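Structure, as structure tokens:
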2 protein chains.
Amino acid sequence: MKLYDSIGPNPRLVRMFIAEKGLTIPTQAVDIRAGENRKPEHVARNPHGQTPTLELDDGSFLSEITAICEYLEEKHPAPPLIGSTAEERAECRMWTRRIDLTICEPLANGFRFSEGLKMFQNRVLCFPEAAPGLKKIAADRLQWMNTQMQGKEFVCGSRFTLADLLLYGWIDFGAQVGQPLDPANTVLADWHKRIAARPSAKA
Amino acid sequence: MKLYDSIGPNPRLVRMFIAEKGLTIPTQAVDIRAGENRKPEHVARNPHGQTPTLELDDGSFLSEITAICEYLEEKHPAPPLIGSTAEERAECRMWTRRIDLTICEPLANGFRFSEGLKMFQNRVLCFPEAAPGLKKIAADRLQWMNTQMQGKEFVCGSRFTLADLLLYGWIDFGAQVGQPLDPANTVLADWHKRIAARPSAKA
């Protein structure tokens with residue numbers, strides 16, 4: 001396997017997942033600032049022109065962070081980061097999709113359509129007028145997550161999972177691009193400190 | 001198991017998935033037009049206040065359509081609608097996430113913030129100024145999917161999967177809410193006819 005890697009929260013999620021699994025996977029850097037990911041060589045690997053992309057041992061390519069993590073979990077079940085039973089996996093997938101759709105995606109497009117406009121306007125459709133609203137949706141759902149995390153060690157209760165990694169990386173990214181976590185979200189802030197203390201956070 | 005069901009593309013996806021599996025799962029209707037899904041009784045099942053929600057045999061509740069379908073696939077592997085191998089499942093999950101994030105979600109919010117505003121404005125944050133842009137993103141990604149489907153029977157090549165069900169249901173929903181498929185997408189239109197001919201489309 002080989003990971004086509006770059007800066008940004010999505011590749012970081014996969015690197016953290018790999019670190020939590022204790023795996024070593026060779027990487028090849030793709031310079032997304034220079035638009036290398038939109039050039040034919042990378043588009044042949046990922047027709048969406050995004051990173052990360054995982055090259056499998058049969059030479060095929062796999063994209064989309066949650067699909068990559070699910071694949072790595074199936075190939076290397078221990079330690080479980082999605083779940084050991086159908087019920088555990090279901091709970092993790094439920095929270096992962098909620099976080100993905102209602103926090104990560106509006107936060108990302110809120111960034112692409114405003115602070116990130118110069119980098120993204122020639123790559124994807126950008127609508128600056130939508131940015132403030134999308135940012136408010138992400139902030140609103142973070143506030144909701146704060147209530148949902150009350151009394152829980154991790155997103156899935158006592159299990160550390162992919163859902164924690166996804167939420168953690170995007171909260172970190174938000175702080176870098178003008179969407180910092182509202183300090184009123186004290187439950188989330190405490191949880192964030194716990195995840196930041198894990199060695200994988202340096203990946 | 002029991003499915004808390006309603007009108008709308010998300011419950012329909014799960015009903016079609018259940019029909020393709022040949023399963024029979026009792027349902028209980030939730031009247032989302034009357035806001036029954038936002039009342040305490042349903043929020044206790046699903047804190048996001050959405051449908052569908054699956055009640056498991058242990059009395060716990062599972063939400064989010066892709067998590068529900070993954071759970072049903074694990075409990076009832078035949079016929080496979082996600083995949084029979086890690087590689088097949090990975091391919092299906094990759095396409096499902098692409099469709100979910102770049103077509104279904106902007107199409108849904110494009111609707112909620114415009115034609116659907118009256119129903120949604122007191123339930124979720126709504127930003128009417130974002131609607132035209134979000135609709136254009138969904139339309140742009142449908143056009144992209146049209147190029148990606150060239151020469152393929154289904155989204156994952158010769159395998160009929162969850163990715164087809166997800167895309168099909170949202171194209172149908174778009175047509176009902178002022179976001180019809182551009183007839184220039186002839187490859188998608190032909191594929192749509194093939195899915196519509198399946199008995200599960202009536203579910």
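Note on naming: letters A, B, ... go to the chains in the order of the sequence lines (proteins, then strands), and numbering restarts at 1 for each one. For clarity, every value in this text was computed on a predicted model and none was experimentally measured. Just so you know, these numbers use all the heavy atoms, side chains as well, and skip hydrogens, waters and symmetry mates.
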Does any backbone or side-chain atom of [X] lie under 4.5 Å from a heavy atom of chain A? Answer side chain, backbone, both or neither.
{"X": "Thr102(B)", "answer": "side chain"}
{"X": "Ile137(B)", "answer": "both"}
{"X": "Glu87(B)", "answer": "both"}
{"X": "Ile68(B)", "answer": "neither"}
{"X": "Glu129(B)", "answer": "both"}

Look at the rings of Trp144(B) and His48(A) and say which category their plane angle falls in: under 30° parallel, 30 to 60° tilted, over 60° perpendicular. parallel

Output yes when a side-chain donor or acceptor of Asp5(A) lies under 3.5 Å from a complementary backbone atom of Ala29(A), and no otherwise.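 No: the side chain of Asp5(A) does not pair with the backbone of Ala29(A).
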
Check ion pair Glu74(B)-Arg93(A) (N to O, under 4.0 angstrom):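 Here Glu74(B) pairs with Arg93(A) in a salt bridge, since their nearest N and O are under 4.0 Å apart.
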
Between Asp100(A) and Arg97(B), is the closest basic N to carboxylate O distance under 4.0 Å?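 Yes.
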
Using the ring of Tyr168(B) (Phe, Tyr or Trp, six-membered ring only), decide whether Arg198(B) places NZ or CZ under 6.0 Å from its centre and within 45 degrees of its axis. no

Just so I understand: if I count every heavy-atom pair under 4.5 Å between each of [options] and chain A, which residue has the most?
{"options": "Leu125(B), Val124(B), Leu101(B), Leu134(B)", "answer": "Leu101(B)"}
{"options": "Glu64(B), Glu91(B), Lys136(B)", "answer": "Glu64(B)"}
{"options": "Gly133(B), Ala131(B), Cys126(B)", "answer": "Gly133(B)"}
{"options": "Cys104(B), Pro47(B), Pro132(B), Ala90(B)", "answer": "Pro47(B)"}

Whatever's closer than 4.5 Å to a heavy atom in chain B on Leu56(A) counts as side chain

Does the pair Glu70(A) and Arg89(A) meet the rule for a salt bridge (Lys or Arg N to Asp or Glu O under 4.0 Å), with working shown? CA-CA 10 Å; Glu70(A) 290 267 7; Arg89(A) 287 187 286 273; over 6 Å; no

List the steps and the verdict of side-chain hydrogen bond (donor to acceptor under 3.5 Å, both in side chains) for Ser63(A) and Asn46(A). CA-CA 7 Å; Ser63(A) 296; Asn46(A) 176 349; 3.0 Å; yes

Picking from Ala130(A), Cys92(A), Pro106(A), Ala86(A), which has the most non-hydrogen pairs under 4.5 angstrom with chain B?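 Among the listed options, the one with the most contacts to chain B is Ala86(A).
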
Quick check on side-chain contact (heavy atoms from CB on, under 4.5 Å): which of Thr161(B), Leu165(B), Thr66(B) does Thr96(B) satisfy it with? Thr66(B)

